[in-house]
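Take a look at the structure set out below.
None of the values given here were measured: they were computed from a predicted structure. Position 1 is the first residue of the sequence; numbering continues from there.
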Amino acid sequence: MSARLPPRYERNYKTISEEDQKKLSKTTVAIVGCGGLGGTMAEEFARLGVGKLILVDGDTFVESNLNRQLFSTEDNIGTKKVQAAKTRLQKVNSEVELVLVDDWFDEDNADTIFQGADLVCDALDSIQRRIDLEASCHRLNKPLVYAGIAGWFGMMGVSFPGDYSVLRLFKDGKENDRGVEKSWGNPAFTPWVVSSLAVAEAVKIAVGREPALRNSWLQADLLFMEFETFEISK
């Protein structure tokens, strides 16, 4: 291991080269949503050594978040999620620059929110907002890693500018915009598994490797431990 790189990252090496570690340190990742999915993503990026995180969420912690959302504790119910994220992540890796956006994403504020971001991670719970997020990312020429969960099931994929994978995947489901996660539940293990898969794809993009899930999506069934990949027709 090079003496020029911090010992805190020594367990990244071989999986992540020293050159790629330096690339991560110069990478800015925007995460839209800091709940079950986004909170775990943010923690993993911080531990991996991403240089800057833009955290976007206008929500506040409530008691029902405690079962799955990494930044929620019994002591911070009523706290803004982005503030709780800052408190924890500064203790995890004080070298990571944090930009807090205590607001909801929409297409009107995308230019401001994503300024300087190298890639965007979608941790939203609304199909229409996910489609809008992809449209904004494509307009701003930023790759998007998208993810969703419900019950035992999760899905994720990658959309580069011009792919419109999210739109093609969800265009027939916009009328069922949200709510399945409330009907099926959100146990802790589902967002944590899917978040890790999403971070793995995001790291590949950040260091210049080809992601495995461009123009396709991964479905995870944690009840029967089945993982399947499907192509998205153009």
Side-chain angles (χ1 to χ4, degrees), residues 23-24 27-38 40-42 44-45 50 52-57 101 104-150 153-178 180-181 190-191 193-220 227-234:
K23 290 178 182 177
L24 286 178
T27 297
T28 298
V29 178
I31 304 173
V32 185
C34 293
L37 285 167
T40 309
M41 290 179 190
E44 292 189 16
F45 282 128
V50 165
K52 183 176 180 179
L53 291 173
I54 302 171
L55 306 177
V56 185
D57 201 316
V101 181
W104 307 103
F105 157 79
D106 60 45
E107 290 186 277
D108 293 332
N109 62 17
D111 293 60
T112 301
I113 289 175
F114 300 137
Q115 186 175 5
D118 297 298
L119 63 97
V120 178
C121 289
D122 155 31
L124 293 166
D125 61 358
S126 162
I127 293 174
Q128 184 58 60
R129 289 175 67 204
R130 181 170 287 130
I131 291 171
D132 292 344
L133 177 59
E134 180 186 55
S136 295
C137 287
H138 289 194
R139 178 173 57 80
L140 297 170
N141 197 36
K142 299 182 187 298
L144 172 70
V145 179
Y146 57 92
I149 56 169
F153 305 97
M155 56 79 60
M156 55 121 350
V158 173
S159 182
F160 274 64
D163 290 348
Y164 289 101
S165 298
V166 173
L167 179 62
R168 296 203 305 272
L169 185 59
F170 290 109
K171 62 182 179 181
D172 295 327
K174 288 191 287 185
E175 66 276 8
N176 300 316
D177 188 48
R178 62 196 305 174
V180 65
E181 71 281 354
T190 310
V193 168
V194 175
S195 294
S196 295
L197 296 170
V199 170
E201 285 290 83
V203 166
K204 295 174 198 174
I205 296 169
V207 302
R209 298 185 187 182
E210 184 69 21
L213 294 174
R214 184 176 181 183
N215 295 315
S216 62
W217 62 285
L218 174 70
Q219 175 179 284
F227 293 79
E228 296 182 87
T229 302
F230 303 91
E231 290 188 7
I232 301 174
S233 59
K234 293 185 177 181

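Of all the heavy atoms in Ala117 and Ile54, the pair that sits closest is CB-CD1, 4.2 Å. Closest approach of Leu55 and Cys34 over heavy atoms only: CB-SG, 3.8 Å. Across all their heavy atoms, Gly35 and Asp57 have their closest contact at N-OD2, 4.1 Å. Residues Ile149 and Pro191 come closest through the heavy atom pair CD1-CB, 3.5 Å. Between Glu231 and Ser216, the closest heavy-atom pair is CA-CB, 4.0 Å. The two residues His138 and Gly162 have their closest heavy-atom pair at ND1-N, 3.3 Å.
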Criterion side-chain contact (heavy atoms from CB on, under 4.5 Å) on Phe105 and Asp132, from CA distance to verdict: CA-CA 9 Å; Phe105 157 79; Asp132 292 344; 4.1 Å; yes
Candidate pair Met155 and Leu169, rule side-chain contact (heavy atoms from CB on, under 4.5 Å), full reasoning: CA-CA 11 Å; Met155 56 79 60; Leu169 185 59; 3.5 Å; yes
Pair Arg139-Asp111, salt bridge (Lys or Arg N to Asp or Glu O under 4.0 Å): steps then yes or no: CA-CA 9 Å; Arg139 178 173 57 80; Asp111 293 60; 2.8 Å; yes
Pair Leu53-Met41, side-chain contact (heavy atoms from CB on, under 4.5 Å): steps then yes or no: CA-CA 10 Å; Leu53 291 173; Met41 290 179 190; over 6 Å; no
Step-by-step side-chain contact (heavy atoms from CB on, under 4.5 Å) determination, Trp217 to Ser165: CA-CA 9 Å; Trp217 62 285; Ser165 298; over 6 Å; no
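With values rounded to the nearest 0.5 angstrom, Lys142 atom NZ is found 9.0 Å from Thr28 atom OG1. The CG atom of Asp106 sits 11.0 Å away from the CG atom of Leu133 when rounded to the nearest 0.5 Å. Between the CH2 atom of Trp104 and the CG atom of Leu124 there is a distance of 9.5 Å, given to the nearest 0.5 Å. Note: Met156 CE to Cys121 SG = 8.5 Å, rounded to the nearest 0.5 Å. Separation of atoms CZ (Phe230) and CD (Gln219) is listed at 5.0 Å; rounding is to 0.5 Å. For the atom pair OG (Ser233) and CG (Asn215), the distance works out to 10.5 Å, reported to the nearest 0.5 Å.
In this structure the side chain of Leu218 reaches within 4.5 angstrom of the side chain of Phe227, judged on heavy atoms. Considering only heavy atoms from C-beta on, Pro143 stays 4.5 Å or farther from Val158 through its side chain.
When the options Asp122, Val32, Asp125, Leu144 are evaluated for a side chain to side chain contact (heavy atoms under 4.5 Å, CB included) with Arg130, the one that passes is Asp122.
Judged by a 6.0 Å distance limit and a 45° cone about the ring axis, Arg214 is positioned over the six-membered ring of Phe160.
Looking at Glu201, its side chain does come within 3.5 Å of a backbone N or O of Leu213 through a donor-acceptor pair.
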